[in-house]
Asker: 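Let me give you the structure first, and then I'll get to my questions.
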Amino acid sequence: MTGTYLELHAMDKELLFEAFAHSPLGMVVLGINGSVVKTNSSFCHFTGYSNEELVHLGLRTVLFEEDYQAIVLNYTQLIAGDLDAFQLEKRFVHKNGEVIWGAISAHKVTTSQADYIIGQVVDITQRKKAEPEMEMLRSFYNYASEGIGIFDVEGHIIQVNKAFEEIFGWMESEVRGKKLPVTPSFTYDHAVYLVEETLKGNIIKNFETIKQTKDGQYITVSITMSPIYNRDGEIVALSGIVRDITEQKAVVAQLESFIDNHLDPILIFNEEGTLTRANSAFEVDFGWSHQELVGVNLLDVEFSPEDKEGIKNKILRGESLEGYETIFKKKNGIAMDVMITSFPIKDHQGAMNAIAVSFRDITDRKHAEELMIQSEKLSIAGQLSAAIAHEIRNPITAIKGFLKLLQNSNEKQLYYEIVESEIARIELILSELLSLAKPQKSNFKETDLRFTLKQCISLLESEANMKSVQVDLKHDENLPILHCDENQIKQVFINFMKNAFDAMPDGGYLNIEMEYCALASGISIRFKDTGCGIPQDILSKIGQPFYTTKETGTGLGFMVSKNIIEGHSGTVHISSEVNVGTTVEIILPKEK
């Protein structure tokens, strides 16, 4: 002991030496000058050095440099008698270079021969390594947004975090050793079930039940229970994570009421795409009962064949979809034009747990649009009639003249060829006019728009000549083939070309450029005229029904053309400058 002399018999010294040598604690004897006198096997194992090496090299060899001065300071105070003993947690350097931690305790021993310092070291490396993780766990426990409670094997509370106190209103000191109240009495079986199942080693996730708060209110909570094991693998406690879902349940109830009473048909799918419910409007409009629909996968639902599964995959990924038009078949096989809207339903953490898909019947609207398109076609055909009549009159005059010549000529073969050529010209003009005017259903097919545009230019060639407009077409040689309705696209081209002619009553130039558009992986078509241009205040109104700058116009032409392009997933943009000209650009993607 410090300040006393040790008088030991030989046997006592031998026992003391044995205790020193084989102690499970690392021990070292230091001289007053800090030299190493003796170390035991545990200390050698802790540092990786032998006793001889430590005696020769000194203790500084195994001390971490940044901690060395702190140990020296305490050592000096111990020698001077300012301290009876000291305890520190400091770093050492193992012989293999690894930094290790030791809990040091040291005191002074006085013998008849000299004074010594006896040091003991406990290896705490593993504890130190675990401290950051433990600190993180403590931080999570204390500041988690969800209530966390630790329970004994009978369900009594051992400790709870702050969020737990906020959810239920009780402080930890008020509920420690107790069980939380439940309501009504039969829900007590739920608490028993949770404890019994968790004691079997099971983890219970998102178990919903009802609990009572300190102020007497009843709340719906979601509980996740898991066992806590000791080192021997025995369950010694239970941990519970509690989340107040009262508001969430109310929102779900409102959502269910909204779905059930909504006029539009609505389907609800889970995150895997399996249908879980359908509202009554869907049953009425499409003919399937709720029982027939539950369990169907979204990928098995038949949309328009043109969808190619793309829209379904977008819905499954949780992407919002608004205003997508397609065809949906009823149970009786009748096809219905519908507009689909979908959106993900997310939980309080923002994770998608369901998908809502609504359908709106747009059959009447589509029919009205078709009538509008046909009306516009007839309007265009009427406007073309004068030019067509003039164009047909010329070959008829030639035919009549050559028929008279045939009566008194020997060059009949030449005259026959001329007459045949003019008749073919008439047939071409009439077929173009009829294809434009007659009602047709959408007929999407692979189309080379270069030839379509050239046909339109040929059809309007006579009108361009009458109005002294020079049409110039430039296009890339390698353009993609588009999947489109050629008749509808032809209607759009003719409409924009006629608008350009009308903007140049005294003649001018219409430059048409067709090139590849990398952004849409499709084609860009620009109609650039040198006409009077459109003022900005009028330009913003272009496309509104019955708004027109022409005396005989209906205002429907641009709107119909824009609808056709958008029906092909394309875009139309118009720009203009007064007395300079107008540019209309159409962008059509490769895939609809």
Side-chain angles (χ1 to χ4, degrees), residues 376-377 380-381 383-384 387-388 390-391 394 421 424-425 427-433 435-436 445-534 557-558 560-562 564-565 568 570-577 580-590:
E376 181 63 19
K377 285 183 178 180
I380 292 174
Q383 295 172 28
L384 288 173
I388 296 297
H390 175 77
E391 190 68 20
N394 288 338
S421 173
R425 173 67 176 163
E427 289 178 341
L428 174 63
I429 293 170
L430 292 177
S431 64
E432 291 291 343
L433 183 62
S435 68
L436 178 65
K445 61 182 180 179
E446 302 300 317
T447 305
D448 188 336
L449 290 186
R450 292 176 299 176
F451 297 121
T452 303
L453 188 52
K454 288 177 181 178
Q455 288 176 349
C456 294
I457 293 173
S458 176
L459 179 63
L460 297 178
E461 184 178 359
S462 59
E463 184 173 350
N465 292 333
M466 290 174 60
K467 294 188 176 181
S468 300
V469 176
Q470 182 175 332
V471 180
D472 180 43
L473 172 62
K474 293 181 181 179
H475 60 76
D476 293 345
E477 291 302 322
N478 297 317
L479 290 174
I481 302 298
L482 298 190
H483 186 70
C484 65
D485 186 322
E486 183 180 16
N487 189 61
Q488 289 185 356
I489 297 298
K490 189 179 294 184
Q491 179 182 346
V492 172
F493 288 167
I494 291 174
N495 183 66
F496 288 153
M497 290 175 65
K498 284 183 59 60
N499 287 345
F501 293 168
D502 293 341
M504 298 181 286
D506 299 324
Y509 296 90
L510 173 59
N511 298 310
I512 305 175
E513 301 170 353
M514 181 181 287
E515 61 187 18
Y516 177 71
C517 178
L519 186 62
S521 298
I523 295 177
S524 168
I525 307 105
R526 287 186 292 274
F527 299 86
K528 304 168 68 174
D529 67 54
T530 58
C532 59
I534 306 172
F558 184 84
V560 170
S561 298
K562 185 170 181 290
I564 290 173
I565 297 302
H568 286 72
T571 58
V572 179
H573 178 72
I574 181 170
S575 59
S576 186
E577 186 175 347
V580 175
T582 301
T583 298
V584 177
E585 182 178 25
I586 301 170
I587 295 178
L588 290 168
K590 187 173 181 180

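Everything numeric in this text was worked out from a predicted model, so none of it was measured. All values below were derived from every heavy atom in this structure, side-chain atoms included, with hydrogens, water molecules and symmetry-related copies excluded.
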Asker: Taking everything shown except E515 itself, do over 12 heavy atoms lie less than 6.0 Å from its CD?
Answerer: yes

Asker: What are the two closest non-hydrogen atoms of G522 and Y516, and how far apart are they?
Answerer: O-CD1, 3.2 Å

Asker: So does D476 pair up with R450, basic N to acidic O under 4.0 Å?
Answerer: no

Asker: Got L588 and I525 here, is their nearest side-chain heavy-atom distance under 4.5 Å?
Answerer: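 The answer is yes, as the side chains (C-beta and beyond) meet within the 4.5 Å cut-off.
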
Asker: Of all the heavy-atom pairs spanning G581 and S576, show the shortest one and how long it is.
Answerer: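 That would be O-OG, 3.3 Å.
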
Asker: Counting neighbours of OH on Y509 that are heavy atoms of other residues, nucleotides or ligands and sit closer than 6.0 Å, is the number greater than 12?
Answerer: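 No, OH of Y509 has 12 or fewer neighbouring heavy atoms, counting only those of other groups under 6.0 Å.
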
Asker: Once you round to the nearest 0.5 Å, how far does CD1 of I494 lie from CG of N499?
Answerer: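 The CD1 atom of I494 sits 12.0 Å away from the CG atom of N499.
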
Asker: Looking only at heavy atoms, which two atoms of F501 and L510 are closest? And how far apart?
Answerer: CE2-CD2, 3.9 Å

Asker: Identify the heavy atoms of N495 and S561 that sit nearest to each other, and give their distance.
Answerer: ND2-OG, 3.2 Å

Asker: On a heavy-atom basis, which atom in D529 and which in G531 lie closest, and how many Å separate them?
Answerer: OD1-N, 2.9 Å

Asker: So how far is it from I574 CD1 to K562 NZ, rounded to the nearest 0.5 Å?
Answerer: 11.5 Å

Asker: With sequence neighbours left out, write down each residue that passes side-chain hydrogen bond (donor to acceptor under 3.5 Å, both in side chains) with T530, or none if nothing qualifies.
Answerer: none

Asker: Holding to salt bridge (charged side-chain N to carboxylate O under 4.0 Å, His left out), I want the full list of residues that pass it with E513, two or more places apart in sequence or in another chain.
Answerer: R526, K528

Asker: What pairs with L473 under side chain to side chain contact (heavy atoms under 4.5 Å, CB included), at least two apart in sequence or on another chain?
Answerer: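 L473: side chain to side chain contact (heavy atoms under 4.5 Å, CB included) contacts with L453, K454, I457, H475, I512.
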
Asker: Going by the rule side-chain hydrogen bond (donor to acceptor under 3.5 Å, both in side chains), which residues pair with E446 if we only count those two or more places apart in sequence or in a different chain?
Answerer: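 side-chain hydrogen bond (donor to acceptor under 3.5 Å, both in side chains) check on E446 returns H483.
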
Asker: Quick check for you: to the nearest 0.5 Å, what is the distance between I523 atom CD1 and I586 atom CD1?
Answerer: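 CD1 of I586 is found 11.0 Å from CD1 of I523.
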
Asker: Measure the spacing between NZ of K498 and CD of E463 and express it to the nearest 0.5 Å.
Answerer: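 Separation between the atoms: 3.5 Å.
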
Asker: Return the set of residues passing side chain to side chain contact (heavy atoms under 4.5 Å, CB included) with T452 (not counting sequence neighbours), or none when no residue passes.
Answerer: T447, L449, E486, K490, F493

Asker: Within the side chain of S468, is there an N or O that forms a donor-acceptor pair under 3.5 Å with the backbone of G508?
Answerer: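 Not confirmed, S468 side chain does not pair with G508 backbone.
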
Asker: List in chain and number order the residues that pass side chain to side chain contact (heavy atoms under 4.5 Å, CB included) with D472, two or more places apart in sequence or in another chain; answer none if no residue qualifies.
Answerer: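 Result, side chain to side chain contact (heavy atoms under 4.5 Å, CB included) vs D472: K474, N511.
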
Asker: Go through the structure and list residues passing side chain to side chain contact (heavy atoms under 4.5 Å, CB included) with S575, not counting sequence neighbours.
Answerer: H573, T583

Asker: Quick check for you: to the nearest 0.5 Å, what is the distance between C484 atom SG and I489 atom CD1?
Answerer: 5.0 Å

Asker: Once rounded to the nearest 0.5 Å, what's the spacing between atom SG of C532 and atom CG of D502?
Answerer: 9.5 Å

